[in-house]
K.L.:
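This is the structure I have questions about; it appears just below.
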Amino acid sequence: MQRVGLPFEGVDGWIRWALLIGFVVVVVVFCWTIVLAILAERWTHSVHRRDREFERDGIPDGSREEDFFWVFLVPARDEELTIADSVERLRHVQATRRLIIVIDDASEDDTPRILERYAGAEDLVVVRRELPNARTGKSDALDDAWRRLPELLAARGVPREDVVTCVVDADGRLEVNAPARVALSMSDPEVGGVQVLVRIYNRRHLLTWMQDVEFRVMGLLFQSARSQLGTAGMGGNAQFNRLTALDQVVDDTGPWRDTLTEDQDLGLRLLAAKWKLVHDNGTHVEQQGVPGIVALYRQRTRWAQGNLQAMSLLPRVLRANDLGVGARAEQLLALLMPIWQLVVGSSFVLAIWMLLTDQVNFTGDGQFATVVFYYLLGFAGTIIGCVMQGWRLRGFPGLVAGLLLVHVYALYSWILWPVLVRAIWRQLVRRRAWAKTPRQAISERDKARADDVHERPQAG
């Protein structure tokens with residue numbers, strides 16, 4: 001009987017061990033992705049079933065938009081290019097009781113002048129922060145608004161138990177039905193946070209279009225699966241939270257902490273405080289994509305470094321006694337993802353080096369099938385995510401498009417991989433400062449897409 005060879009036989013020394021470790025990580029992540037796909041389908045079917053029941057029997061009390069008071073928080077620092085567009089769209093969102101708080105963080109451009117037009121509006125308050133206590137970060141701006149809330153709510157006779165806050169970035173375009181959708185999720189009193197699907201509205205270039213695909217894959221696969229476990233990630237744009245949930249994670253200055261990804265940090269602390277977090281793909285917020293590769297690298301480096309900072313919260317999350325085994329395992333794998341990405345990426349670079357130095361041959365008999373196998377194994381998440389988003393949005397033609405999209409998206413993923421190395425270096429040398437992602441002027445084409453940016457139905 002012929003002996004079955006072990007992986008990487010013929011490769012000597014530490015190189016073989018490095019490749020073996022990378023292979024084990026790839027297999028674990030592959031199995032994890034399959035589990036996530038199953039959980040995502042279960043979550044999607046449960047949401048569809050809930051929506052059908054509400055459509056048939058009517059939406060009960062405690063699940064309606066008018067049962068809540070919606071507070072939209074809009075941090076704005078030098079946002080003259082987009083702030084008017086974002087605020088006007090928020091004022092058209094379907095919310096019976098609402099308050100829009102724009103935090104002007106000592107803007108030095110025309111942002112203050114643009115906001116003057118809303119003076120006297122009943123549903124909008126502009127909070128102006130001044131130096132030297134301003135321009136210290138998004139979390140400080142949000143905490144400032146949170147500290148002013150008691151006075152604003154008292155003037156309107158609104159109890160804190162009725163309030164749901166929503167952070168909307170200054171380039172955000174929140175869909176008009178968002179409060180109604182979020183209210184359905186908030187009908188579960190254990191849900192403390194709801195994140196909605198993020199889309200890119202200037203997706204007319206390859207780089208911004210790939211960012212849109214990235215967010216869709218994240219929402220339809222990973223976030224849907226985590227919703228089934230109650231551990232969905234919170235993003236910085238269109239993150240909805242009960243005010244009473246925020247009150248339970250207040251630090252020295254407020255609920256938000258000064259980290260590079262204050263949104264993720266807040267979500268993890270909500271999990272540790274025993275709140276469920278879910279994601280809703282039935283509504284969305286649109287934002288500007290980053291059209292330049294240098295600016296995108298800066299943005300993603302900040303996100304990656306913020307993820308590294310968030311790893312310190314892992315013990316608190318794992319100690320939350322209401323999390324099941326599956327939820328704990330998911331959080332463990334998700335929060336340690338930078339490590340897995342570093343291992344797999346390093347293995348890939350090592351394999352390329354071996355190919356270039358003639359230490360391995362990919363052109364021999366059976367080698368093509370081996371390469372295809374590893375490709376499918378390594379990009380399982382990409383393949384499943386692209387296929388799922390294509391199928392849900394456009395049926396069978398979308399499935400075919402998703403299979404073709406996989407290869408472009410895989411290349412996009414590897415283009416972004418170096419940000420992880422840069423983020424690790426910045427973390428090691430304790431560099432925490434970051435530059436705000438620059439906005440782009442809204443084009444006439446994007447303005448024309450104003451209220452009908454989704455030609456196809458959203459996934460539920």
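Predicted model only: the values in this text are computed from it and were never measured.
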K.L.:
Roughly how far, to the nearest 0.5 Å, is CZ of R242 from CG of L270?
P.N.:
11.5 Å
K.L.:
Does any non-hydrogen side-chain atom of S86 lie less than 4.5 Å from one of V168?
P.N.:
yes
K.L.:
With no hydrogens and no angle check, just 3.5 Å: does a side-chain donor-acceptor pair link S139 and R257?
P.N.:
no
K.L.:
Take R328 and Q331, measure what side chain to side chain contact (heavy atoms under 4.5 Å, CB included) needs, and give me the verdict at the end.
P.N.:
CA-CA 5 Å; R328 293 171 196 264; Q331 283 296 293; 5.9 Å; no
K.L.:
Are any of the side-chain heavy atoms of F54 and L184 separated by less than 4.5 Å?
P.N.:
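Touching, per the 4.5 Å side-chain cut-off.
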K.L.:
Please report the closest heavy-atom contact between Q288 and Q440, naming both atoms and the distance.
P.N.:
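For Q288 and Q440, the tightest heavy-atom pair comes out as NE2-O, 2.6 Å.
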K.L.:
Would you check, one step at a time, whether the test side chain to side chain contact (heavy atoms under 4.5 Å, CB included) holds for Q309 with L260?
P.N.:
CA-CA 8 Å; Q309 292 177 338; L260 292 175; 3.7 Å; yes
K.L.:
Can a donor-acceptor pair be found, under 3.5 Å and without considering hydrogens, that links the side chain of Q223 to the backbone of G233?
P.N.:
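Yes.
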K.L.:
About how many Å separate CD of Q211 and CG of N202, when rounded to the nearest 0.5 Å?
P.N.:
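One finds 8.0 Å between CG of N202 and CD of Q211.
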K.L.:
Side chains of N241 and T165: is there a donor and an acceptor less than 3.5 Å apart?
P.N.:
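There is no such pair (donor and acceptor under 3.5 Å, judged by atom type) between the side chains of N241 and T165.
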K.L.:
Looking only at the side chains, is there a donor atom on one of D143 and T253 sitting less than 3.5 Å from an acceptor on the other?
P.N.:
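Per modelled atom types, D143 and T253 side chains form a pair under 3.5 Å.
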K.L.:
Identify the two heavy atoms, one from L277 and one from G192, that lie closest to each other, and give their separation to 0.1 Å.
P.N.:
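So the minimum-distance heavy-atom pair works out to CD2-C, 4.3 Å.
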K.L.:
If the test is salt bridge (Lys or Arg N to Asp or Glu O under 4.0 Å), which one of D105, D263, D169, D144 qualifies with K138?
P.N.:
D169
K.L.:
Listing request: all salt bridge (charged side-chain N to carboxylate O under 4.0 Å, His left out) pairs with a residue in residues 217-241, at least two apart in sequence or in separate chains.
P.N.:
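Qualifying pairs: R226-E330.
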K.L.:
Could you go through R199 and D212, starting from their C-alpha distance and side-chain angles, then the distance that decides it, and tell me whether this counts as salt bridge (Lys or Arg N to Asp or Glu O under 4.0 Å)?
P.N.:
CA-CA 5 Å; R199 299 293 308 272; D212 185 64; 2.7 Å; yes
K.L.:
Please name the pair of heavy atoms, one in P315 and one in S312, separated by the smallest distance, quoted to 0.1 Å.
P.N.:
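Closest pair (atom of P315, atom of S312, distance): CD-O, 3.4 Å.
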K.L.:
Can you confirm whether T208 sits close enough to V290 that some side-chain heavy atom of one is under 4.5 Å from a side-chain heavy atom of the other?
P.N.:
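No; the side chains remain at least 4.5 Å from each other.
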K.L.:
Is any side-chain heavy atom of R216 closer than 4.5 Å to one of V198?
P.N.:
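SC-SC contact between V198 and R216 ruled out.
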K.L.:
Run the side-chain hydrogen bond (donor to acceptor under 3.5 Å, both in side chains) test on E175 and T283 for me, step by step, so that the C-alpha distance in whole Å, both residues' side-chain angles and the decisive distance to 0.1 Å come before the verdict.
P.N.:
CA-CA 6 Å; E175 193 179 29; T283 189; 2.9 Å; yes
K.L.:
Just checking W32 against F30, ring centres under 6.0 Å apart?
P.N.:
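No.
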K.L.:
Strictly by ring-ring contact (aromatic ring centres under 6.0 Å, His included), give each pair with a member in residues 314-351 just once, sequence neighbours left out.
P.N.:
F348-W414
K.L.:
Taking G219's backbone N and O only, do any of them form a donor-acceptor pair with S224's side chain (distance below 3.5 Å, no angle check)?
P.N.:
yes
K.L.:
Using 0.5 Å steps for rounding, measure from the CG atom of L19 to the CG atom of L350.
P.N.:
5.0 Å
K.L.:
Between atom CD1 of I15 and atom OG of S347, what is the distance when rounded to the nearest 0.5 Å?
P.N.:
11.5 Å
K.L.:
Stepwise, does the salt bridge (Lys or Arg N to Asp or Glu O under 4.0 Å) test hold for K436 with E79?
P.N.:
CA-CA 11 Å; K436 188 173 76 73; E79 299 285 4; 3.3 Å; yes
K.L.:
With a distance cut-off below 6.0 Å to the six-membered ring centre and an angular limit of 45° from the axis, does R302 pair with W434 as a cation-pi contact?
P.N.:
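Yes.
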K.L.:
Taking C-beta and beyond as the side chain, do Y201 and I442 meet within less than 4.5 Å on heavy atoms?
P.N.:
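They are in side-chain contact.
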K.L.:
In this structure, are over 12 heavy atoms from other groups packed under 6.0 Å from R431 atom CZ?
P.N.:
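It does not: R431 CZ has 12 such atoms or fewer within range.
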K.L.:
Is the shortest side-chain N to carboxylate O distance from D171 to R439 below 4.0 Å?
P.N.:
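Salt bridge present between D171 and R439.
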K.L.:
Should E262 and R269 count as an ion pair when the cut-off is N to O under 4.0 Å?
P.N.:
no
K.L.:
I'd like to know if R300 and E214 make a salt bridge, using a cut-off of under 4.0 Å between side-chain N and carboxylate O.
P.N.:
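Result for this pair is yes, salt bridge flagged.
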K.L.:
Would you say that L207 contacts M210 through its side chain, given a criterion of any heavy-atom pair below 4.5 Å between the two side chains?
P.N.:
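A side-chain contact is absent here, since even the closest heavy-atom pair is not under 4.5 Å.
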K.L.:
Kindly state each residue pair satisfying ring-ring contact (aromatic ring centres under 6.0 Å, His included) with at least one member in residues 287-322, sequence neighbours excluded.
P.N.:
none
K.L.:
Check the side chains of H279 and Q195 for a donor-acceptor pair under 3.5 angstrom, ignoring hydrogens and angles.
P.N.:
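The criterion, which ignores hydrogens and geometry beyond distance, is not satisfied for H279 and Q195.
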K.L.:
Looking only at heavy atoms, what is the nearest atom pair of I200 and G289, with distance?
P.N.:
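Where I200 meets G289 most closely, the heavy atoms are CG2-N, 3.4 Å.
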K.L.:
Within the structure provided, determine whether L336 and I339 are in side-chain contact (heavy-atom separation under 4.5 Å).
P.N.:
yes
K.L.:
What's the separation between atom CZ in R89 and atom CZ in R173, rounded to the nearest 0.5 Å?
P.N.:
4.0 Å
K.L.:
Look at E286 together with R203 and state whether they make a salt bridge at an N to O cut-off of under 4.0 Å.
P.N.:
yes
K.L.:
Main chain of A170, side chain of T82: is a donor-acceptor contact present, judged purely on distance under 3.5 Å?
P.N.:
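A pair under 3.5 Å: yes.
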K.L.:
Do the non-hydrogen side-chain atoms of R204 and W209 ever get within less than 4.5 Å of each other?
P.N.:
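Contact flag for R204/W209 side chains = no.
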K.L.:
Which atom pair, heavy atoms only, marks the closest approach of M234 to V278?
P.N.:
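In terms of heavy atoms, the two residues are closest at CE-O, 3.9 Å.
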K.L.:
Evaluate whether atom CZ of R426 has more than 12 neighbouring non-hydrogen atoms of other residues, nucleotides or ligands under 6.0 angstrom away.
P.N.:
yes
K.L.:
Taking all heavy atoms of A95 and all of W70, pick out the closest pair and write down the distance.
P.N.:
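So the minimum-distance heavy-atom pair works out to CB-CD1, 3.9 Å.
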K.L.:
Supply the atom-to-atom distance S63 OG to D188 CG, rounded to the nearest 0.5 angstrom.
P.N.:
9.5 Å
